[in-house]
Structure formats: structure tokens, C-alpha cells
Number of protein chains: 2
Amino acid sequence: MAEADIPKKQVIMEAAARLFRDRGYSATSMRDLAKAVHLQASSLYNHINSKQELLREICFQNANHFLAGIENIEKEYATPAEQLEQLIQHHLIVATSDATSITSFNDEWRHLEEPYLTEFVQLRKRYENRFRAIIQAGIDQGIFRDADPTIAMYTVLSSLRWIYDWYRPNRSKSVAIIGQEVSKLLLSGLKKT
Amino acid sequence: MAEADIPKKQVIMEAAARLFRDRGYSATSMRDLAKAVHLQASSLYNHINSKQELLREICFQNANHFLAGIENIEKEYATPAEQLEQLIQHHLIVATSDATSITSFNDEWRHLEEPYLTEFVQLRKRYENRFRAIIQAGIDQGIFRDADPTIAMYTVLSSLRWIYDWYRPNRSKSVAIIGQEVSKLLLSGLKKT
DNA sequence: CCTACCGATCGGTAGG
DNA sequence: CCTACCGATCGGTAGG
């Protein structure tokens with residue numbers, strides 16, 4: 001009975017996110033999706049407008065989630081070192097709170113059609129710019145090494161990505177602990193000093 | 001005339017790698033591919049057996065390339081620190097020497113059909129195991145910090161991945177220099193000591 | 001290497 | 001929410 005209260009559209013969205021993650025957007029058919037929610041393919045269209053709409057909402061939901069976090073961290077924390085540490089933590093929280101849909105945000109967005117494709121790329125760029133600015137501030141203040149801020153940013157972001165690409169719950173440590181270890185690795189390096 | 005000597009199958013394979021990278025395996029049709037090599041779709045089958053075959057050969061070619069390198073490095077270099085540094089360099093060389101097909105190795109392999117899917121996953125696992133063993137050896141010898149070797153391995157591998165995901169030639173530094181900076185970042189960390 | 005064509009499947013609509 | 005169905009496109013084959 002409790003399940004009956006979840007809007008059907010949300011149920012469809014979650015099933016879509018899972019299929020997009022497991023097979024990719026293009027390899028997922030509306031008939032696959034219909035079967036996953038125990039409907040006929042045509043009945044899906046009483047709740048959604050198109051396959052594109054599903055991808056679009058999944059991608060932008062995540063993009064906005066990431067951006068809201070970084071803006072908050074810029075206000076709440078003063079030093080670049082704190083901001084970066086919080087950013088890493090926030091990135092992992094967003095990614096693991098909606099672990100199935102993050103793959104679309106990472107990989108399937110390229111199947112977005114215009115004008116949404118352009119808009120999405122701009123949102124992502126904004127996130128990257130803010131991320132880079134924090135690293136740049138750390139370098140300017142002498143807290144971080146004199147690294148290339150773009151390279152450092154992508155290295156950090158990529159390191160966070162493997163966690164939801166390869167991580168499988170209850171197979172190993174918790175995401176929080178993995179996140180801490182990745183943070184330490186990125187900030188202090190692998191070599192002993 | 002020089003181009004006439006390149007086997008048609010190779011031309012098709014390279015065009016396929018580019019399309020799989022740009023649109024993904026599922027979203028690439030044999031008619032797209034045919035157009036790219038100025039043929040009718042049906043004519044492709046005089047040179048190849050199936051769409052699957054193209055993906056399979058692209059994926060396994062890269063997998064074998066990566067594995068051959070790591071076996072060689074294990075023999076040629078003695079210390080884990082040297083081996084890791086060489087491994088990072090080798091990974092980047094493989095990735096950039098065939099930059100278009102590396103995306104299939106990274107992302108499109110999941111569209112492989114059995115039994116090749118299982119075989120591919122095993123090859124990749126073997127690469128990861130050897131990579132992890134080198135990090136483990138460095139920890140045992142006291143050269144590396146007491147990190148989780150699996151986490152360290154994935155962090156390193158992911159950091160290498162962004163270079164061919166995001167890097168665009170002549171927009172910035174060379175791959176060699178980017179690789180050096182990423183290496184330094186991973187080994188020494190972002191924070192000043 | 002082409003024309004002609006196969007059955008299967010695609011996203012989506014009409015109409016109830 | 002269903003049945004019935006649309007035109008388009010899919011990977012691939014036959015036959016020359």
C-alpha cells in the first residue's frame with residue numbers, strides 16, 4: 001500500500017535510470033522499460049512524453065544537485081583546503097544518494113538532443129569552473145603545490161568517478177571510508193615522504 | 001594511391017572505432033558506418049562478419065596491448081616505484097597511440113556478447129590484478145604509504161582515464177606532459193608538505 | 001561492390 | 001491502462 005503512493009512517473013524514472021545504467025540509453029527500448037514497471041509500452045506515455053524526457057530529467061536533476069552543493073560550500077567554508085575536502089565529500093554524497101542515475105549524468109548525457117545538450121554541457125562547465133577556481137585559490141595561497149589547476153581538477157573528478165563505476169555495496173568498505181582514502185591519496189600522494 | 005594499400009577492413013575498423021567513440025556502439029548503425037567509408041551497408045559484409053566482430057576486435061586489441069606492456073614492465077624494472085611510473089607512462093602511450101578505439105575498451109565493451117564478454121572481463125581483471133600487485137609490493141617494501149591497494153589502483157587508473165575522455169589535442173599541453181603532471185600529483189599529492 | 005529485400009524491432013500515436 | 005497499429009530503421013542475406 002505504501003508503494004501505491006509513489007507517483008508512477010517516479011517509478012518509471014527510477015526504472016529508466018537503472019536500465020540506462022545497465023545497458024545504456026540507446027540500447028534500452030521503451031518495451032524494456034515498460035516490462036520493468038509492468039506496463040504496456042504505450043501506457044508509459046500516459047506518464048511521460050518521450051524517452052528523451054526521461055534522459056533529460058535524470059541528467060539535469062543530477063547537474064543541479066552538484067551545482068547547488070558547490071555554491072553552498074563556497075559560502076560555508078573559508079579555506080580552499082576545507083572547500084576541496086567538502087567538495088569531494090559532497091560529490092560522493094550526491095553520487096551515492098542516487099547511485100543508479102549518476103551513470104546517465106556521467107556517460108549518457110551525450111544522447112541528449114538540442115537545445116538540452118548545449119545547456120547540459122554549460123551546466124557541467126560551470127561546475128568544473130568553480131571546482132578549478134577552488135584549486136587555483138589554494139595554489140595562490142601557497143597551500144597547494146604549483147600544479148596545473150585544470151589537470152588537478154580532472155584528476156580529482158576522475159578519481160571520484162571510479163567509485164560508482166566499480167564500487168559494489170557490501171563487497172568492501174563503505175563509500176564514506178573509500179572517499180576518505182581517496183581524499184588522502186589525492187592530497188598527500190602515494191609515496192612516503 | 002598510398003591509401004589504396006591500407007586493407008579495407010582496417011579502414012572500416014578505424015571508422016567504426018570513431019563512431020563507437022562519438023555515438024556509442026548501440027547508437028551507431030551499419031548504415032552510418034557504411035557512409036563513413038563510402039560503401040553501401042551490405043558491402044561492409046564482404047570485409048567483416050558482423051557489427052559485433054568490430055567491437056570485439058577493437059576491445060581485445062586494446063586489452064592485449066595493455067597486458068603485453070605490464071608483463072614487459074615487470075621484467076624490465078626492479079622497484080615498485082619505477083614499475084608504477086613506467087606503467088602510468090605505458091598506459092598513456094597505449095591510450096594515445098590509438099585514441100579513438102580506447103573509448104570502446106573503456107565504455108563500450110559491455111555490449112560484447114558471450115562468450116567474449118566474460119573473456120574480456122577476465123583479461124581486464126588480470127591487468128588490474130598485476131597493477132594492484134605492484135602497488136602492494138611498494139607498500140610491503142615501505143616505499144608507498146599504507147593505502148588500500150585496490151583503492152589506490154582504481155584511483156590511479158581513473159586518473160589516467162580522464163586524459164582521453166576530456167583531452168583534446170593542441171588545445172593545451174601534450175599528453176606526455178599531462179601524464180607527468182598526473183604522475184606527480186598521484187605520487188606526491190596536491191598539498192604542500 | 002551493388003540492388004533488392006528480409007523479419008524484427010524501434011519510438012510513438014489513435015482510439016477507446 | 002489496453003489493443004491495434006504506424007512509418008522508420010535496424011543488422012544482415014540473396015543473388016548477381
Side-chain angles (χ1 to χ4, degrees), chain A residues 1 3-60 104 108-117, chain B residues 1 3-60 104 108-117:
Chain A
M1 285 297 115
E3 284 180 8
D5 292 316
I6 301 174
K8 200 80 182 181
K9 175 158 183 181
Q10 193 182 320
V11 173
I12 293 170
M13 290 261 295
E14 284 167 14
R18 174 161 272 105
L19 286 165
F20 293 169
R21 180 195 66 181
D22 293 340
R23 312 180 189 181
Y25 176 77
S26 293
T28 297
S29 77
M30 295 308 272
R31 283 156 181 86
D32 292 335
L33 177 57
K35 195 171 286 177
V37 295
H38 306 292
L39 245 51
Q40 296 302 313
S42 58
S43 301
L44 292 170
Y45 293 90
N46 287 303
H47 305 97
I48 60 158
N49 292 311
S50 66
K51 190 183 176 188
Q52 264 287 307
E53 183 193 61
L54 290 167
L55 179 64
R56 188 193 313 146
E57 295 197 7
I58 289 169
C59 287
F60 279 89
S104 294
E108 304 301 321
W109 58 266
R110 61 178 168 167
H111 296 112
L112 286 170
E113 292 167 5
E114 296 294 1
Y116 304 101
L117 178 59
Chain B
M1 284 298 115
E3 284 180 10
D5 294 316
I6 302 173
K8 200 80 183 177
K9 174 157 183 181
Q10 194 183 320
V11 173
I12 294 171
M13 290 261 294
E14 283 166 13
R18 173 161 273 104
L19 285 166
F20 293 170
R21 181 195 65 182
D22 293 340
R23 313 181 188 181
Y25 176 78
S26 292
T28 297
S29 77
M30 294 307 273
R31 283 156 181 84
D32 292 335
L33 177 58
K35 194 171 288 177
V37 296
H38 307 293
L39 246 51
Q40 296 302 313
S42 59
S43 301
L44 292 171
Y45 293 91
N46 289 303
H47 305 97
I48 60 158
N49 292 311
S50 66
K51 191 184 176 188
Q52 264 289 305
E53 183 193 62
L54 290 166
L55 179 63
R56 188 194 313 147
E57 295 197 6
I58 289 168
C59 288
F60 281 88
S104 295
E108 304 301 321
W109 58 268
R110 61 177 167 165
H111 295 113
L112 286 170
E113 292 167 4
E114 297 293 2
Y116 304 102
L117 178 59

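Labels below follow one simple rule: chain letters A, B, ... track the order of the sequence lines, proteins then strands, and each chain is numbered from 1.
Of the inter-residue distances, the one linking A/Arg110 atom CZ with B/Arg21 atom CZ reads 10.0 Å to the nearest 0.5 angstrom. Rounded to the nearest 0.5 Å, atoms CD (A/Glu57) and OG (A/Ser104) are 12.5 Å apart. For the atom pair A/Lys51 NZ and A/Leu44 CG, the distance stands at 11.5 Å (nearest 0.5 Å).
Residue A/His38 has no polar side-chain atom (N or O) positioned under 4.0 Å from OP1 or OP2 of D/dC1. The side chain of B/Ser29 contributes an N or O atom lying less than 4.0 Å from OP1 or OP2 of D/dC10.
Between A/Lys35 atom NZ and C/dC10 atom C1' there is a gap of 14 Å when expressed in whole angstrom units. If you take CD of A/Gln40 and P of C/dT9, they are 16 Å apart, rounded to a whole angstrom. Going from atom NE2 of B/His47 over to atom P of D/dG11 covers 18 Å, rounded to whole Å.
More than 12 heavy atoms of other residues, nucleotides or ligands sit less than 6.0 Å from atom CZ of B/Phe60.
The nucleotide whose nearest atom lies closest to any side-chain atom of A/Lys51 is, among D/dC2, C/dG11, C/dC1, C/dG11. Here the side chain of B/Ser42 is nearest to one of C/dC2, D/dC1, D/dG11, namely C/dC2. The B/Tyr45 side chain lies nearest to D/dT13 when the options are C/dG11, D/dT13, D/dC2.
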- Message: One pair to check against side chain to side chain donor-acceptor pair (under 3.5 Å): A/Ser29 and A/Asp32. What are the steps and the verdict?
- Response: CA-CA 5 Å; A/Ser29 77; A/Asp32 292 335; 3.3 Å; yes
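At the heavy-atom level, B/Ser26 lies nowhere under 4.0 Å from the strands shown. The residue B/Ser50 sits close only to the backbone: its heavy atoms come under 4.0 Å of sugar-phosphate atoms, none of a base.
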- In dot-bracket, 5' to 3', how would DNA chain D read with Watson-Crick or G-U wobble pairs under 3.5 Å, [ ] for crossing ones and | for pairs to another strand? ||||||||||||||||
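Taking 4.5 Å as the limit, every side-chain heavy atom of A/Arg56 sits out of range of all side-chain heavy atoms of A/Asn49.
Aromatic ring orientation, B/Tyr25 versus B/Phe20: perpendicular (interplanar angle above 60°, classes split at 30° and 60°).
Between A/Arg31 and B/Asn49, the residue anchored closer to the 5' end of DNA chain D is A/Arg31, taking for each the nucleotide with the nearest heavy atom. The nearest heavy atom of DNA chain C to A/Ser43 and to A/Asn46 marks one nucleotide each, and the one closer to the 5' end goes with A/Ser43.
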